Amino acid sequence: MTIAIYPGSFDPIHYGHIDIAQRAAKLFDTLIWAVYDRPLKNLLFSTEERLAFMREAARTIPNVQVVPYSGLTVEFARRMGATVMVRGLRITYDFEIEYQTALTNRQLADNIDTVCLMTSLKYAFVSSSILKEVAFAGGSISPMVPPYVEAALKKRLAQLGDDRGDKVKMVSLQE
Ligand code: ADP
């Protein structure tokens, strides 16, 4: 039985993330969709909010568990009994980052392998940072995210009021 984890910040999830989770769930017996609770970047959504979006998206995928974690991803993977780490690849820039991360993780835990799935073409240019920028500018993000994420994002931007520009800029620069 192979357990895989799909870790990330997911601030917030979008259809590109959901597509990878659905496809990875078909490849492994159990997929642990894991949200990193305190990445080294500012977040727009709390861990609980990010978890709630992921749980909603995972409702239709039977072998997926949505779990938060902190600390080293490989340590979390070990605790969960996972031997595979799933990541998604969009354009070449992702490859450089994922390659470096995978080699670092192999050095930390040589019994855990990284499996990268290529994005589906229609989501190749979707990212959490771009959708936040589009929403901030008043554009429609419905082709990129489920309705519950779109509603929550609009609400959060409205709550931030005049500070929302600075917050989105700060968040985007870090992704
Ligand atoms: P990070 O974990 O680096 O903070 P994210 O939480 O946005 O970044 O992404 C988690 C994983 O999902 C990463 O492997 C990322 O490359 C992948 N991913 C992000 N956007 C897409 C997309 N549009 N298609 C496929 N994979 C994606």
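We count ligands from 1, going down the list as the structure has it; atoms in each ligand are counted the same way. When a residue number appears, it is its place in the shown sequence, counting from 1. What you see is a predicted model; the values in this text were computed from it and never measured.
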Novice: Would you compute the distance between atom OG1 of T73 and atom OH of Y36 and round it to the nearest 0.5 angstrom?
Specialist: 6.5 Å

Novice: Nearest to atom 27 (C) of ligand 1 by heavy atom, K122, R90, M118: which?
Specialist: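 It is R90 that holds the nearest heavy atom.
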
Novice: Under 4.0 Å, heavy atoms only, figure out whether ligand 1 is touched by the backbone of R87, its side chain, both or neither.
Specialist: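 The answer is both.
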
Novice: Not counting sequence neighbours, which residues clear salt bridge (Lys or Arg N to Asp or Glu O under 4.0 Å) with R23? List them please.
Specialist: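 Testing R23 for salt bridge (Lys or Arg N to Asp or Glu O under 4.0 Å), a comparison that skips the adjacent residues, returns D19.
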
Novice: Enumerate the atoms of ligand 1 whose separation from the nearest heavy atom of G88 is less than 4.0 angstrom.
Specialist: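 Heavy-atom distances to G88 below 4.0 Å select 14 (O), 15 (C), 16 (O), 17 (C), 26 (N).
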
Novice: Do any side-chain atoms of residues 134-150 form donor-acceptor pairs under 3.5 angstrom with protein atoms, and if so which ones, sequence neighbours left out?
Specialist:
residue : atom : partner : partner atom : Å
S140    : OG   : S142    : N            : 3.3
S140    : OG   : S142    : OG           : 2.9
Y148    : OH   : A57     : N            : 3.3

Novice: My understanding is that we take every heavy atom of each candidate and find the minimum distance to atom 4 (O) of ligand 1. Doing that for S129, S9, G16, G8, which one comes out nearest?
Specialist: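 Residue with the shortest heavy-atom distance to the ligand atom: S9.
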
Novice: Any atom of ligand 1 sitting under 4.0 Å from a heavy atom of F125?
Specialist: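 Not so, F125 does not reach ligand 1.
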
Novice: Just which atoms of ligand 1 are under 4.0 Å from any heavy atom in Y6?
Specialist: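 Taking each heavy atom of Y6 in turn, ligand 1 has 11 (C), 12 (O), 17 (C) under 4.0 Å.
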
Novice: Side chains of V66 and F53: does their closest heavy-atom pair fall under 4.5 Å?
Specialist: no

Novice: With a 4.0 Å cut-off on heavy atoms, is E98 in contact with ligand 1?
Specialist: yes

Novice: What closest approach, in Å, do R156 and F45 show between heavy atoms, and which atom pair accounts for it?
Specialist: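 In this case the closest contact between R156 and F45 is NH1-CD2, 3.8 Å.
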
